[in-house]
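This report concerns only the one structure given below.
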Amino acid sequence: MKASSKKATSRKRKTFYITTPIYYVNDVPHIGHAYTTIAADVLARYKRLRGYDTFFLTGTDEHGQKVQQAASKKGLDPQTHADRMVAAFKELWKRLTISNSDFVRTTEERHKRVVQEVLRRLQETHVLYTASYEGWYCLPDERFWADDEVVEGKCPECGRPVERISESNYFFKMSAYRDRLRRHIRRHSGFIQPESRRNEVLGFLERPLEDLCISRPRARLAWGIPFPFDPDYVTYVWVDALVNYISVPGYGTDKRRFAKWWPADVHLVGKDILTTHAVYWSTLLMALGLDLPKTLFAHGWWTVDGEKMSKSRGNVVDPNAMAAEYGTDAFRYFLLREVPFGQDGDFSKPAITARYNSELANDLGNLFSRTLTMIERYAGGVVPEPHPKGVKAEDRRMVELAKSLYRTVGSEMDRFAFHRALREIWALVDFANRYVERSAPWDLAKEPRNRVRLDVVLYHLAETLRILAVYLFPFMPTTAQRMTTELGWATSLEQALKPQDFQWGRLKPGRPVQKGKPLFPRIELPQTLPERETAAPATPSKESVMELTRTEPSFISIDEFRKLDLRVGRIVTAEKITGADKLLKLSVDIGTETRQVVAGIATKYAPDLLIGKSVVLVANLKPAVIRGIESQGMILAAGDKTVEALATFIEPVEPGTRVK
RNA sequence: GGCGGCGUAGCUCAGUGGUAGAGCAGGAGAAUCAUAAUCUCUUGGCCGGGGGUUCAAGUCCCUCCGCCGCUACCA
């Protein structure tokens, strides 16, 4: 609880060293990469603002079998392949305004040297040994399987026969560090976060810990860093990759620099690679006689439209496209606001659109816009002088709230609770909007004798927005900096602020403001309203009447009709299907179960307005896959080519009721 | 299977043994500075089921149901 997080270096400037994992270049960057990196960037920017000398490291992991495979699939040598992927990552980070201090590639000389130095030291400390391992090997897949994984002598992945081979390798005596590691985790409650992950790691360490194989025979895998004392082997990629955290700050090459930054304050990682960091990395550091990082934070994963993201589903979110569609700042904001950091979250266009419109456009953007307009209209376009005589209790409350952000936002940020930090910030946004209504500057402006009061109100709004910009900067750097510029406060937020910059009253009266375009123009939804459920039925068009009369009457028997299983369904969720104008994905509760249905009604109905509506579902229609999504039924609506009205019920009915 | 977590308003979730809450969505109204953005009021809960401890249980215990996570060296 009482975190011993004060660094011993506080004599000089406080330092902050934060890392992302280095990303494996077997695939293009997706939302998961963007998420970790944006979170790290937010923390780095936040710490810089608060005066920390900050080192923010990211990079790419380029060795190993999968990279070799990905390269040869494209007919490239691994280095060329890696070079191309690296360009994609670097471009994305630029687009997402990532302020990393360095970018490490594991194929760089500065890194390889240190990996070899690490291996030498491990060898010298006698924590390495060679042993041969025997297992089932699938030649085409180039991978081993355990005895219980092999299915009747076949590879469980590709079904081809496996062969028994034995191989000699270098092993790291990881098992020897189990108890020390357990003690460390128990004694440092903040070492592994969130707490649930910490418990998982402790649970994992209940069982015996085995040693770690840290080499690969060169004959089988050439794409790696050679062992310095045995040219027949290359380094296991995880060991190679983890060392980046110390190779860049100068381990083995620059003592002073290394002492300045190590131990790292935070390694941010995805939950999928927590064990690797918590166990392999920690024990390796112990073997090297180095301190462990102060915090290892494992964040959650994103699903997309409620489904797991995967290449085969084709629903992988491209961060470039999202930044282009919503703007980098809005994308950053959404990722950190939507979900408590550490938990899984769901990414969907309706969700980001909802937050964008209500929080960014309506709450913040509009507050900024109305304030600047009023300063232009009622104060000649300059920040007015807040005469103490005009100050009321209401104003002081807002000042107090604004000042309190230093503490409240600070403590949430220190706990990696980005969403809560944003909630604290929004408490001020909301207060300011209420403040506008209660002070009603447009009324004050009608009477010249209210001049002093009017100036006080307008100044309080402008200064509140300046303070908001300070706290928003880590999350939305471009927007925040634009706010300060338009408010006439010419201070770069890219660096440490002066203490008074966080305090009230920094904005100088007399400075001109410069109102620009809306910070976040509203995103207009495709369709606003299906009137009421009880709306009059749409009058049939002439064409459809014609068609009806032209149609030959062909009868079906009552038995044929009975084959139809029509049910009352209640729409539980509804959302647009990406890339399809007309389609909505619905989940429909039919009492006994919930069906996923693809319906071509998006041009008529906005998804949100459908939720809760009762519809008629053809429950025994053969499932079909539409746009890659399985549709388990059909809902009924009037209209032939275009949807005119959804079939629904006048009285409330239980979902699942038979329709005849 | 083992260990751990979760189940609260239509949705997402907060809730230290003491009168069930927030945001969004829904409903009504006010205002006109603003991107029709804002503000005020408001509808809405067998707190998963059952049992127990207690003066008192969303909260503690047991049990059942449902969902989720971890279970390494991918050699």
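Lettering follows sequence order; numbering is per chain, from 1.
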*asked:* Which is it for B:A14, anti or syn, if anything within 90° of zero counts as syn?
replied: anti
_C1' spacing across the pair B:A25 / B:U63, given as an integer number of angstrom_ = 37 Å
*Could you tell me the separation between the CG atom of A:N433 and the P atom of B:A34, rounded to a whole number of Å?*
14 Å
*At under 4.0 Å between heavy atoms, what does A:R423 touch on the DNA or RNA strands: base, sugar-phosphate, or nothing?*
nothing
*Who pairs with B:G23 - Watson-Crick or G-U, where each distance is under 3.5 Å*: B:C11
*A:R434 side chain: which of B:U35, B:C39, B:C73 is closest?*
B:C39
_Pair A:Y435-A:D395, side-chain donor/acceptor within less than 3.5 Å_ = yes
*asked:* Using Watson-Crick or G-U wobble geometry with both distances under 3.5 Å, which nucleotide pairs with B:U59?
replied: none
_Rounded to whole Å, please give me the gap between CD in A:E437 and C1' in B:A30._
9 Å
*Tell me: CD of A:E424 to C1' of B:G23, nearest whole Å?*
14 Å
_Candidates B:U35, B:A72, B:U38 - which lies nearest the side chain of A:D363_ = B:U38
*When you match A:V572 and A:R216 each to their closest nucleotide on RNA chain B, which lands nearer the 5' end?*
A:V572
*Which is true for A:G203 with a 4.0 Å heavy-atom rule: it touches a base, it touches only sugar-phosphate, or it touches nothing?*
nothing
*Return the orientation label for the A:Y333 and A:W426 ring planes: parallel under 30°, perpendicular over 60°, tilted otherwise.*
tilted
_Over all strands shown, is A:L209 touching base, sugar-phosphate only, or nothing at heavy-atom distances under 4.0 angstrom?_
base
*Which part of the nucleic acid does A:F172 contact within heavy-atom distance under 4.0 Å: base, sugar-phosphate only, or nothing?*
nothing
*Do you see a donor-acceptor pair shorter than 3.5 Å between the side chains of A:D346 and A:T303?*
yes
*Write down the distance between CG (A:N199) and C1' (B:C6), rounded to a whole number of angstrom.*
14 Å
*State the pairing partner of B:U32; accept Watson-Crick or G-U wobble contacts with both distances under 3.5 Å, and report none otherwise.*
none
*Does B:A37 have OP1 or OP2 sitting under 4.0 Å from an N or O in the side chain of A:R522?*
yes
*Which nucleotide in the set B:A37, B:U35, B:G69 lies at the smallest distance from any side-chain heavy atom of A:N366?*
B:A37
_Just by distance, no angles: are the side chains of A:N169 and A:Y236 close enough, under 3.5 Å, to form a donor-acceptor pair?_
no
*Name the nucleic acid region contacted by A:F368, choosing base, sugar-phosphate or nothing; use a 4.0 angstrom heavy-atom cut-off, strictly under.*
nothing
*Can you tell me how far P in B:U16 sits from the matching atom in B:G27, rounded to whole Å?*
33 Å
*Looking at every strand, decide which applies to A:T373 at a 4.0 Å heavy-atom threshold: base, sugar-phosphate, or nothing.*
sugar-phosphate
*Base, sugar-phosphate, or nothing for A:A361, non-hydrogen atoms under 4.0 angstrom?*
base
_Between C1' of B:A72 and CD of A:E206, the distance in whole Å_ = 15 Å
*Separation of A:W426 atom CH2 from B:U12 atom P, in whole Å?*
23 Å
*With a non-hydrogen cut-off below 4.0 angstrom, is A:R377 in contact with a base, only sugar-phosphate, or nothing?*
sugar-phosphate
*asked:* Over 60° means perpendicular and under 30° means parallel, so tell me whether A:F191 and A:H184 are parallel, tilted or perpendicular.
replied: perpendicular
*Can you tell me, in whole Å, how much space there is between the C1' of B:C39 and that of B:C46?*
36 Å
_Regarding A:D346, tell me which of base, sugar-phosphate or nothing describes its non-hydrogen contacts under 4.0 Å with the strands shown._
nothing
*For B:U53, the Watson-Crick or wobble partner whose two distances fall under 3.5 Å*: none
*asked:* With no hydrogens and no angle check, just 3.5 Å: does a side-chain donor-acceptor pair link A:Y245 and A:H277?
replied: yes
_Please pick, from B:C33, B:U35, B:A72, the nucleotide with the shortest atom-to-atom distance to any side-chain atom of A:F204._
B:A72
*Mind checking the P distance from B:G10 to B:G26? Whole angstroms is fine.*
15 Å
*Between B:C24, B:U35, B:A34, which one does the side chain of A:S358 approach most closely?*
B:C24
*asked:* Considering every strand and a 4.0 Å limit on heavy-atom distances, what is the contact class for A:P521: base, sugar-phosphate, or nothing?
replied: base
*Take atom C1' in B:U59 and the same atom in B:G18, then report the distance between them in whole Å.*
11 Å
*On a whole-Å scale, what distance lies between the P atoms belonging to B:U35 and B:A30?*
23 Å
*So what does A:L367 touch, heavy atoms closer than 4.0 Å: a base, only the sugar-phosphate, or nothing?*
nothing
_C1' gap between B:U53 and B:C70, integer Å_ = 33 Å
_Nearest-nucleotide comparison on RNA chain B, the residue closer to the 5′ end among A:P340 and A:E359_ = A:P340
*What about A:F171 and A:Y129, are their ring centers closer than 6.0 Å?*
yes
*Separation of A:N357 atom CG from B:U35 atom P, in whole Å?*
15 Å
*Using purine N1 to pyrimidine N3 plus N6-O4 or O6-N4 for Watson-Crick, or N1-O2 and O6-N3 for G-U wobble, each under 3.5 Å, what pairs with B:C3?*
B:G69
*Does A:F347 have its ring centroid less than 6.0 Å away from the ring centroid of A:F334?*
yes
*asked:* Applying a 4.0 Å non-hydrogen cut-off, can you work out what A:R197 is touching in the nucleic acid: base, sugar-phosphate, or nothing?
replied: sugar-phosphate
*Write down the distance separating the C1' atoms in B:A36 and B:A31, rounded off to the nearest Å.*
13 Å
*Taking only the side-chain heavy atoms of A:F520 (C-beta and beyond), determine which of B:C73, B:U38, B:U35 contains the nearest atom.*
B:U35
*Does the ring center of A:Y35 lie less than 6.0 Å from the ring center of A:H299?*
yes
*Whole-Å distance between B:U71 P and A:R207 CZ?*
9 Å
*Counting only distance, no hydrogens or angles, is the base of B:A37 paired donor-acceptor with the side chain of A:N362 under 3.5 Å?*
no
*Across the strands shown, which category fits A:P217 at heavy-atom distances under 4.0 angstrom: base, sugar-phosphate, nothing?*
nothing
